[in-house]
Engineer: 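Right, I'll just put the structure down here and ask away after.
Excluded from the calculations below are hydrogen atoms, water molecules and symmetry mates; all remaining heavy atoms, backbone and side chain alike, are included.
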Amino acid sequence: VERVTGRRLPGDPARAGMPILIFLRPTPIVQVRTAARVRILLVDDSKPILHANERVLHKAGYEVVCAEDGESALKLAQERKPDLILLDMILPKLSGPEVLERLKKDASTADIPVIVLSSLTERNRQKLMEAGAEEYVEKNSLMPVPGVNLLPKILENVICRINRKRGIAFSSIPVDK
């Protein structure tokens, strides 16, 4: 919870003698770091997909940290403390479900929202949500047309849903200019 303090302006007769109000509001799940840069850990073993998603997220204003396997994903999550993790399910060294389980068991990473990006079918959704994923997105929905990557738009909607689910009515996501 973030503390927001109101203040009176000097010489403001309408507020003279009125108490200063203090408002408490929930802190958004996805925080703005500097210049509206949200840090995302992007985990995928497919280099073409990883680089395409990294490029489109950078262009949309996100700070992106990449991992190509489960072990490096866990290490980067603990070291870099991303605001959000985009996690593939089929990974070398540690599978996506194993990474998700370890992230949620570790106190230092348990509160980081994890969005599963996978080519596995929707039938895995409920199991992954029960394991701690905030959302499940099928990879084939990211690029319905060659050359058009919808990840930033999908991510914007998912971040808003995550924040609403956690009782936060607003979101701190980069806005295209």
Side-chain angles (χ1 to χ4, degrees), residues 26-70 72-74 76-77 80-92 94-100 103-104 109 111-177:
T27 304
I29 300 308
V30 178
Q31 292 290 316
V32 174
R33 290 184 184 277
T34 57
R37 302 280 290 189
V38 173
R39 183 178 295 156
I40 295 175
L41 173 56
L42 177 60
V43 186
D44 202 311
D45 63 323
S46 168
K47 287 185 182 184
I49 292 172
L50 185 75
H51 294 307
N53 287 338
E54 178 185 22
R55 197 171 30 256
V56 74
L57 290 171
H58 273 297
K59 188 176 178 182
Y62 295 96
E63 177 184 340
V64 183
V65 178
C66 295
E68 295 180 8
D69 63 70
S72 60
L74 285 174
L76 287 169
R80 303 293 299 273
K81 301 291 187 237
D83 298 301
L84 183 73
I85 298 172
L86 298 176
L87 179 65
D88 187 16
M89 288 290 95
I90 301 173
L91 297 169
L94 281 176
S95 71
E98 290 174 304
V99 172
L100 178 61
L103 286 168
K104 295 305 171 182
T109 58
D111 291 333
I112 301 171
V114 176
I115 299 173
V116 172
L117 293 179
S118 185
S119 55
L120 299 174
T121 61
E122 185 76 17
R123 65 185 168 90
N124 297 295
R125 178 188 179 94
Q126 189 60 36
K127 184 178 178 184
L128 293 165
M129 301 291 274
E130 289 169 3
E134 293 285 344
E135 190 59 67
Y136 182 90
V137 178
E138 286 189 46
K139 284 183 183 178
N140 63 4
S141 69
L142 299 180
M143 293 186 70
V145 178
V148 177
N149 190 324
L150 300 178
L151 181 57
K153 186 63 178 167
I154 291 170
L155 191 54
E156 179 181 336
N157 293 331
V158 170
I159 289 171
C160 289
R161 262 197 319 268
I162 291 169
N163 284 339
R164 275 194 305 274
K165 185 164 59 169
R166 293 186 177 191
I168 298 158
F170 57 93
S171 174
S172 298
I173 55 176
V175 178
D176 289 336
K177 295 178 181 163

Engineer: At what distance, to the nearest 0.5 angstrom, does CG of L151 lie from CD1 of I115?
Structural biologist: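 Result: 8.5 Å between the selected atoms.
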
Engineer: Do the non-hydrogen side-chain atoms of S141 and I154 ever get within less than 4.5 Å of each other?
Structural biologist: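 SC-SC contact between S141 and I154 confirmed.
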
Engineer: Return all side-chain donor-acceptor pairs below 3.5 angstrom for residues 45-57, not counting sequence neighbours, or 'none' if the list is empty.
Structural biologist:
from : atom 1 : to   : atom 2 : distance (Å)
N53  : OD1    : N149 : ND2    : 2.9

Engineer: Considering non-hydrogen atoms only, spot the tightest contact between A67 and L76 and give its length.
Structural biologist: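 Scanning both residues completely, I find the closest heavy atoms to be CB-CD1, 3.9 Å.
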
Engineer: Check the pair L84, L155 against side-chain contact (heavy atoms from CB on, under 4.5 Å), reporting the backbone distance first and the verdict last.
Structural biologist: CA-CA 10 Å; L84 183 73; L155 191 54; 3.4 Å; yes

Engineer: Calculate, to the nearest 0.5 Å, the distance between atoms NE2 and CG belonging to H58 and L42 respectively.
Structural biologist: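 Nearest 0.5 Å value for the NE2-CG distance: 9.0 Å.
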
Engineer: Would you call E63 and V38 a side-chain contact if the rule is heavy atoms closer than 4.5 Å?
Structural biologist: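 SC-SC contact between E63 and V38 ruled out.
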
Engineer: CG of L87 to CG of L41: how many Å apart, nearest 0.5 Å?
Structural biologist: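 That separation rounds to 8.0 Å.
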
Engineer: Could you give the distance from NZ (K153) to CG (L142), rounded to the nearest 0.5 Å?
Structural biologist: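 Rounded to the nearest 0.5 Å, the NZ-CG separation comes to 14.5 Å.
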
Engineer: Is there a side-chain contact between V137 and V116 in this structure, where contact means two heavy atoms from C-beta onward sitting under 4.5 Å apart?
Structural biologist: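 Not in contact.
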
Engineer: Do D83 and I112 make a side-chain contact, defined as non-hydrogen atoms from C-beta onward lying under 4.5 Å apart?
Structural biologist: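 No. Closest side-chain heavy atoms not under 4.5 Å.
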
Engineer: Is there a side-chain contact between S118 and K139 in this structure, where contact means two heavy atoms from C-beta onward sitting under 4.5 Å apart?
Structural biologist: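 No, their side chains stay 4.5 Å or more apart.
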
Engineer: Can you name the nearest heavy-atom pair linking V99 to A73, along with the distance?
Structural biologist: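 Answer, listing the atom of V99 first, then A73: CG1-CB, 4.4 Å.
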
Engineer: Might you point out which heavy atoms bring K104 and G132 nearest each other, and give the distance in Å?
Structural biologist: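 That closest heavy-atom pairing would be CE-O, 3.3 Å.
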
Engineer: Could you state the interatomic distance from CG (L94) to CG (L74), rounded to the nearest 0.5 Å?
Structural biologist: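 It comes to 6.0 Å.
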
Engineer: First locate atom OH of Y62, then atom CG of L86, and finally report the distance between them rounded to the nearest 0.5 Å.
Structural biologist: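 Between atom OH of Y62 and atom CG of L86 there are 9.0 Å.
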
Engineer: Return yes if some donor-acceptor pair links the side-chain N/O of E130 with the main-chain N/O of K127 below 3.5 Å, else return no.
Structural biologist: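 Pair absent, no side-chain N/O of E130 close to backbone of K127.
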
Engineer: Any Lys/Arg nitrogen of E138 or R125 sitting under 4.0 Å from an Asp/Glu carboxylate oxygen of the other?
Structural biologist: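 No, no charged N to carboxylate O under 4.0 Å.
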
Engineer: Would V43 and D88 satisfy side-chain contact (heavy atoms from CB on, under 4.5 Å), going step by step from the backbone distance to the final call?
Structural biologist: CA-CA 6 Å; V43 186; D88 187 16; 5.5 Å; no

Engineer: Go through E156 and R161 one step at a time and tell me if the salt bridge (Lys or Arg N to Asp or Glu O under 4.0 Å) criterion holds.
Structural biologist: CA-CA 9 Å; E156 179 181 336; R161 262 197 319 268; over 6 Å; no

Engineer: Is there a side-chain contact between V65 and I40 in this structure, where contact means two heavy atoms from C-beta onward sitting under 4.5 Å apart?
Structural biologist: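 A side-chain contact is absent here, since even the closest heavy-atom pair is not under 4.5 Å.
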
Engineer: Which pair of non-hydrogen atoms, one from L91 and one from E68, has the smallest distance, and what is that distance?
Structural biologist: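 Looks like CD2-O, 4.4 Å.
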
